[in-house]
Amino acid sequence: MSYDPEHPPAKKFKPGSPAFHLQRRGPMHPGPRKPPVAMELQRRSLPIYHVRAQLIAQLRQLDCAVIIGETGSGKTTQIPQYLYEASIGRQGVIGVTQPRRVAAISLATRISEEKKAELGKLVGYTVRFEDITSEETKIKFLTDGMLLREAIGDPLLRRYSVVILDEAHERTVHTDVLFGIVKAAQKKRRELGKLPLKVIIMSATMDVDLFSQYFNGAPVLYLEGRQHPIQVFYTKQSQSDYLQAALVTVFQIHQEAPASHDILVFLTGQEEIEAMTKTCRDIAKHLSDGCPQMVVMPLYASLPHSQQLRVFHGAPKDHRKVILSTNIAETSITIPGIKYVVDAGMVKAKKYNPESGLEVLAVQRISKAQAWQRTGRAGREDSGICYRLYTEDEFEVLEKMTIPEIQRCNLASVMLQLLVLRVPNILTFDFMSKPSPDAVRAAIEQLDLLGAVERKEDQVILTPLGRKMAAFPLEPKFSKTILVSPKFHCTEEILTIVSLLSVDSVLHNPPAKRDEVQASRKKFISSEGDHITLLNIYRAFKNLGKNKEWCRENFINARNMLLVSEVRSQLRDICIKFSVSIESSRTDTRNIRQCLAHGMFINAAELQPDGTYTTVDTHQPVAIHPSSVLFHCKPACVIYNELLHTSKCYMRDLCVVDTDWLFEAAPEYFRRKLKSVKT
DNA sequence: GAGCACTGC
């Protein structure tokens with residue numbers, strides 16, 4: 001589905017017909033289907049059912065409410081139905097946002113079953129590439145990003161009578177922008193005497209005052225949950241090695257607890273988890289006979305889907321399941337039957353430094369809110385136990401909340417979106433948590449360089465180019481690259497490259513088969529860099545009819561590859577809408593690189609006499625990431641897709657360019673940069 | 001010289 005900001009999309013779905021073929025990641029465990037009577041009984045057994053009448057009475061009165069509910073309260077599944085059943089907001093659609101696609105899809109599926117309605121009729125959902133709604137749809141689940149896209153065509157959200165922002169405590173960038181958008185829409189609709197907009201914020205037990213204050217002192221309604229009691233233990237002494245502490249704790253539990261009690265361990269990343277998996281398996285092999293067997297499973301996002309699914313399978317009899325996970329198990333994946341949580345208290349998270357434009361991925365302490373979220377994973381079905389591998393004093397000094405994402409990311413997309421949403425002044429936008437002035441300035445500077453905005457007397461104005469850029473579901477530098485591509489007659493190739501860069505890596509690198517991977521990849525490698533190499537891979541994939549077997553043989557992630565072609569066709573549709581001429585450069589790669597230089601000139605780096613690289617923009621020392629095909633090469637000048645600071649500051653996904661092309665792309669900018677080198 | 005938390009349009 002493509003999107004034109006001037007004309008919201010027509011509903012393409014006809015109930016009964018399979019509207020889409022692609023599903024990136026299906027619901028993790030849909031659960032057994034229940035017969036209708038059992039389902040109604042289950043609805044009535046939820047804690048929320050007992051306060052249904054009061055809840056409806058209050059929500060009928062209020063323009064705005066904050067609902068705090070523990071997990072298992074049934075707020076997300078029941079409140080939209082209660083509103084509908086009580087004829088609240090029937091004049092329009094009840095929209096419920098979710099931070100994740102899977103959640104939007106599985107909630108809509110579940111509630112359409114509860115309402116005994118075919119999915120896509122009374123109850124439906126809208127996520128990227130899938131619109132399972134119709135004219136009849138009154139309860140609609142959608143990702144927060146999707147509601148934001150809809151707001152571009154209709155900032156007053158006129159088709160909605162109620163907007164419920166669920167999982168608000170997660171504070172995704174999209175939810176944070178939506179706070180401001182729904183607040184403004186509500187006010188404006190009231191002033192214009194239009195259908196009122198009811199706003200409901202749903203959250204776990206955090207941030208209550210912040211939400212209520214932001215929405216002009218909206219009342220807070222508390223819902224009882226059905227969380228089982230969890231005992232929390234701290235270490236007596238501070239642990240210098242959390243991996244060692246985790247290992248000891250796991251085997252202590254293993255030797256004492258019944259085999260049916262599964263353990264979930266929170267660690268920080270793939271490498272650490274793989275190493276720990278191996279260590280646990282080795283130790284488990286040599287345990288005494290009295291001990292149960294142990295099944296150890298790693299869990300992280302880049303693990304192939306099939307291996308992720310293994311965590312839902314019960315372990316064989318007399319075997320204990322031990323899952324070593326990143327924070328993916330905090331929110332995205334819920335594993336049933338966990339009795340013990342072991343929390344190392346650390347997380348790998350991204351920070352953004354607006355001055356250097358640098359994203360730093362670093363292991364850091366979790367927040368209290370995160371610690372409680374992890375703890376909660378032990379009490380989903382029965383009482384549980386949580387071992388925190390840090391002292392109570394250490395817990396007390398943790399930050400109360402995780403810093404919202406909007407204060408940790410590059411704001412270029414957000415600022416562009418606010419402009420196209422016709423926010424009166426993006427510099428004074430009513431954020432619940434304001435991003436730093438530095439970050440705002442850096443974002444506007446970037447949009448200015450890309451030609452998306454102009455600055456006139458302290459005002460930031462959207463240019464026609466900027467308006468087009470905002471229509472693409474991409475970072476501004478990518479939409480700019482697409483929009484300049486006709487000048488270089490290579491739009492077909494740029495669409496492919498941008499699509500490849502905007503999804504998870506299509507390259508699968510199992511460490512055990514390194515030599516095989518290298519041998520197979522050789523045939524695609526271009527000395528011009530990663531962009532052209534990826535283009536070669538996509539071309540081969542397409543020429544061979546998008547063959548899954550071929551992908552497996554060549555260590556290509558077929559699922560991500562199909563997603564690339566889906567993204568590509570979405571971007572292509574948007575180009576067609578703007579009458580962008582779509583040509584192919586065929587065998588010529590020079591003009592493709594020239595085009596990339598024109599769109600991504602801000603991300604340029606030059607080779608220094610000592611053999612190292614520095615960025616042109618801030619003269620930050622950088623290195624070529626080991627995953628790049630240029631890792632062993634030393635081109636004089638490159639553009640990179642992103643900088644990532646781990647053990648060093650790495651450039652990822654590089655393309656060899658001429659310095660002349662960069663000068664042509666932004667003469668003034670480079671003259672300025674050159675001057676600053678000389679001084 | 002040697003590596004990658006998690007989402008989403």
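Heavy atoms only: backbone and side chains are in, while hydrogens, waters and symmetry mates are out. To find a chain, count down the sequence lines: A is the first, B the second, and so on, and within it residues start at 1.
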> Rounded to whole angstrom units, what separation is found between the CD atom of Gln570(A) and the P atom of dC9(B)?
Replying inline: 9 Å
> Choosing from dC6(B), dC9(B), dA2(B), which nucleotide comes nearest the side chain of Val127(A)?
Replying inline: dC9(B)
> Can a side chain N or O of Thr326(A) be found less than 4.0 Å away from OP1 or OP2 on dC6(B)?
Replying inline: yes
>> I want to check one thing: is the phosphate of dC6(B), taken as OP1 and OP2, less than 4.0 Å away from some side-chain N or O of Ser332(A)?
In response: no
> Rounding to a whole Å, what distance do you find between Ile624(A):CD1 and dA2(B):P?
Replying inline: 14 Å
>> So if I take every side-chain heavy atom of Pro626(A) and compare against dA2(B), dC4(B), dG8(B), which nucleotide ends up nearest?
In response: dA2(B)
> What integer distance in Å separates Arg514(A):CZ from dA2(B):P?
Replying inline: 13 Å
> Is there a donor-acceptor contact under 3.5 Å linking the side chains of Ser627(A) and His625(A)?
Replying inline: yes
>> Could you work out, with side chain to side chain contact (heavy atoms under 4.5 Å, CB included) as the rule, every residue matching Arg521(A), not counting sequence neighbours?
In response: Leu507(A), Asn509(A), Val517(A), Phe555(A)
> Between Gly124(A) and Ala108(A), what is the shortest heavy-atom contact and its length?
Replying inline: O-CB, 3.7 Å
> Starting at CG of Asn560(A) and ending at P of dT7(B), how long is that distance when rounded to a whole Å?
Replying inline: 12 Å
> Among dC4(B), dC6(B), dC9(B), which nucleotide sits nearest the side chain of Arg128(A)?
Replying inline: dC9(B)
> Whole-Å distance between dC9(B) P and Ile105(A) CD1?
Replying inline: 9 Å
>> Using a heavy-atom cut-off of 4.0 Å across all strands, would you classify Ser647(A) as base, sugar-phosphate, or nothing?
In response: sugar-phosphate
> So which one's nearest nucleotide on DNA chain B is more toward 5', Glu405(A) or Lys648(A)?
Replying inline: Lys648(A)
> Which part of the nucleic acid does Thr143(A) contact within heavy-atom distance under 4.0 Å: base, sugar-phosphate only, or nothing?
Replying inline: sugar-phosphate
> What residues form a side chain to side chain contact (heavy atoms under 4.5 Å, CB included) with Val296(A), not counting sequence neighbours?
Replying inline: Thr277(A), Cys280(A), Arg281(A), Met294(A), Leu324(A)
>> Counting the atoms with a prime plus P, OP1 and OP2 as sugar-phosphate, which does Phe631(A) contact under 4.0 Å by heavy atoms, base, sugar-phosphate, or nothing?
In response: base
> Where the side chain of His632(A) is concerned, which of dC9(B), dA5(B), dG1(B) is the nearest nucleotide?
Replying inline: dG1(B)
>> Closest approach to the side chain of Ile328(A), judged atom by atom: which nucleotide of dG1(B), dA5(B), dC6(B) is it?
In response: dC6(B)
> Has His625(A) got a side-chain N or O lying under 4.0 Å from the OP1 or OP2 atom of dC4(B)?
Replying inline: yes
> Going by atom types alone, do Tyr125(A) and Gln98(A) pair a side-chain donor with an acceptor below 3.5 Å?
Replying inline: no
> Once you round it to whole Å, what is the distance between P of dG8(B) and CG of Asn410(A)?
Replying inline: 20 Å
>> For a quick test of reading the model: is some side-chain N or O of Tyr300(A) closer than 4.0 Å to OP1 or OP2 of dC6(B)?
In response: no
> Does the distance from a Lys or Arg side-chain N to an Asp or Glu carboxylate O, for Arg100(A) and Glu167(A), drop under 4.0 Å?
Replying inline: no
> With nearest nucleotides of DNA chain B determined for Cys633(A) and His645(A) from heavy-atom distances, which residue corresponds to the more 5′ nucleotide?
Replying inline: Cys633(A)
>> Nearest to the side chain of Arg100(A), heavy atoms from C-beta on, is which of dC6(B), dG8(B), dA2(B)?
In response: dG8(B)
> Given atom CG of Asn327(A) and atom C1' of dC4(B), what is their separation to the nearest angstrom?
Replying inline: 14 Å
>> Please report the distance, rounded to the nearest Å, between CD1 in Ile403(A) and P in dT7(B).
In response: 21 Å
